[in-house]
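Okay, structure first, notes after.
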Number of protein chains: 2
Amino acid sequence: MKAASRPRRERLPRDERVGQIMTAARKIFREKGYEASSTAEIAVAAGVVEGTLYRYFPTKRDLLIKVVEEFYANIFSDYEAQLRGVRGTWNRLRFMIWKHLSVMHGDPDMCRLIVHELRPWPQYRQSSVFTLNQRYTQSTLAVVREGIANGEFRDDMPLRIVRDMIFGGAEHHTWAHLRDEGRFSPDEAADGITNMIYQGLARGGQGNSEAVGGPVKRLERAVRRLEGLTGPRRRNRKRA
Amino acid sequence: MKAASRPRRERLPRDERVGQIMTAARKIFREKGYEASSTAEIAVAAGVVEGTLYRYFPTKRDLLIKVVEEFYANIFSDYEAQLRGVRGTWNRLRFMIWKHLSVMHGDPDMCRLIVHELRPWPQYRQSSVFTLNQRYTQSTLAVVREGIANGEFRDDMPLRIVRDMIFGGAEHHTWAHLRDEGRFSPDEAADGITNMIYQGLARGGQGNSEAVGGPVKRLERAVRRLEGLTGPRRRNRKRA
DNA sequence: GTTAGTAAGTGAGTTGGACTCATTAAATGG
DNA sequence: CCATTTAATGAGTCCAACTCACTTACTAAC
């Protein structure tokens, strides 16, 4: 009677066990959300007992954070590299916005975890994920700065507002989809947001007395820039 | 020993008791957030025993919802009335955005409850608060519709995008303040967002779009195409 | 080999908070 | 003054995160 009940002990190296637990946690969290997932359930899925989770992750929340960190790492890889292949302010802006929306579109469950379950947490701004996210939004703002530097964009709009409207707009736009209660098209949304931001930042304030000179001057500048690009010039300066 | 322990029973009419409980709940929720508030604590603050809460509110969450509903009712009163006193599309838009930001600025704790604790909840979109919020955003979109109707705004931008950028932008902008980890100025933010939206929606040619907007738009498209061609082209746009 | 040290793994707890229910008693109305 | 209704109670139940004293597999020194 004792015979069969013994050999239930499989020791693995730390990293391997951590990997198993994170894989299980990612799966359960994605399926049911953070609150609705229990540590007992995650432990079963990982093939360990509940106490083992706590050897590697001090709290359930830390487990979520690690899972999200891993996700960010995947997103980042080849993000800036791809951007380097896109030319022109409108296109570069559109690319960044489109990429962001595509992530939300492609992995709504993980994004819901981040947006609805991790970010509202009181200590979010002290977490590593907050820092990762800052880096993320900065790479989009860099494109806006380029636009200001080359004269396409006005320089009197606080960058913070621009950032908030891009990412806030994208987030609100994707809400229903994150809850699996609606669709959106990353292409159409990216066009809409990009156009609003691009025109909103364009120099020469359309809609006032410069209504004619504004766009024409802007296009003249763009043409000059394009003429420059057809030559040996590769990249524009960062700041004026 | 039995003598003193008897007369602890004060019966109140339903509405009065409900009011007491909601007042206590609002206070505690605001101070500590939803998760960190316990029903026991709320009961003590309301001067009742825990079980009494559950006579009037089926769950702790329902209690939060009622508190938030009451808050919305206060916000709404004289909202549309005030708008009627503001003339001009820019001014009306700016008023609505400013008002929204002012609410976030003036009662960050309640707004944090709504944004960070109620909205992420899975059944939020089936709740009364969601409906209230829709009504709220619609009154701002009505101003945008007026602008389209009188020719100030273009009509080819999806209203949903405009809504998402206004409210998403406002929300992102106020995040730090909601957590008491940063400030913002409702005036400056309202100016920024309003200007972005206003210029972003402004018609190209202001009344003579055939003469100016047409060619300009065509040139803009050409410029964007050329910008794309100068680097490895990543994606085609949807718009013709 | 043997053995001591280390770290992986266990599972029976503890804790705390949301929610329930059988019971008590104040108000109400016939 | 009795019957009915319903506000109020508080002792419990249930469930999930987290703890801890202990057990056992692996490793390296001798």
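Atoms considered below: every heavy atom in the structure, side chains included; atoms not considered: hydrogens, waters and symmetry mates. Order of the sequence lines sets the chain letters (A, B, ...), proteins ahead of strands, with each chain counted from 1.
Partners of B:D62 under the salt bridge (Lys or Arg N to Asp or Glu O under 4.0 Å) rule, at least two apart in sequence or in another chain, do not exist in this structure. Partners of B:F71 under the ring pair (Phe, Tyr, Trp, His ring centres under 6.0 Å) rule, at least two apart in sequence or in another chain, do not exist in this structure. A search for salt bridge (Lys or Arg N to Asp or Glu O under 4.0 Å) contacts involving B:E35 returns nothing, not counting sequence neighbours. Applying the salt bridge (Lys or Arg N to Asp or Glu O under 4.0 Å) test to A:R17 and every residue at least two apart in sequence or in another chain returns nothing. Among residues two or more places apart in sequence or in another chain, the side chain to side chain contact (heavy atoms under 4.5 Å, CB included) test is passed with B:V44 by none. Listed by chain and number, the residues in a ring pair (Phe, Tyr, Trp, His ring centres under 6.0 Å) with A:Y54 amount to none (sequence neighbours excluded). Applying the ring pair (Phe, Tyr, Trp, His ring centres under 6.0 Å) rule to B:Y56 yields no partners; only residues at least two apart in sequence or on another chain are considered.
For the segment residues 12-21 of chain A, the set of residues with a heavy atom within less than 4.0 Å of an atom of DNA chain C comprises A:L12, A:R14, A:R17, in numerical order. A heavy atom closer than 4.0 Å to some atom of DNA chain D occurs in A:T59, A:K60, these being the qualifying members of residues 55-63 of chain A. Within residues 27-41 of chain B, no residue places a heavy atom under 4.0 Å from DNA chain D. Contact check of residues 117-126 of chain B against DNA chain C (heavy atom, cut-off under 4.0 Å) returns no residues at all.
Residues in residues 165-175 of chain A take part in these side chain to side chain donor-acceptor pair (under 3.5 Å) pairs, two or more places apart or across chains: A:R119-A:E171, A:E171-B:H172, A:H172-B:E171, A:H173-B:D164.
Residue B:T52 places at least one side-chain N or O under 4.0 Å from the OP1 or OP2 atom of D:dT9. At the phosphate of D:dC18, OP1 or OP2 sits under 4.0 Å from a side-chain N or O atom of A:Y54.
A side-chain hydrogen bond (donor to acceptor under 3.5 Å, both in side chains) with A:R94 is found for exactly one of A:T194, A:D191, A:N195, namely A:D191. Here the options are B:R30, B:R26, B:K27, the test is side chain to side chain contact (heavy atoms under 4.5 Å, CB included), and the partner is B:D109; only B:R30 passes.
Spacing between atom CZ of A:R11 and atom P of D:dA25 amounts to 8 Å, rounded to whole angstrom units. With rounding to whole Å, B:I42 atom CD1 is found 8 Å from C:dA18 atom P.
Between A:E70 and A:K66 there is no salt bridge, since no side-chain nitrogen of the basic residue lies less than 4.0 Å from a carboxylate oxygen of the acidic one.
Between B:F29 and B:Y34, the angle of the ring planes lies from 30° to 60°, which puts this pair in the tilted group.
Inter-residue side-chain proximity for A:T140 and A:H100 is flagged as unmet; no heavy-atom pair is nearer than 4.5 Å.
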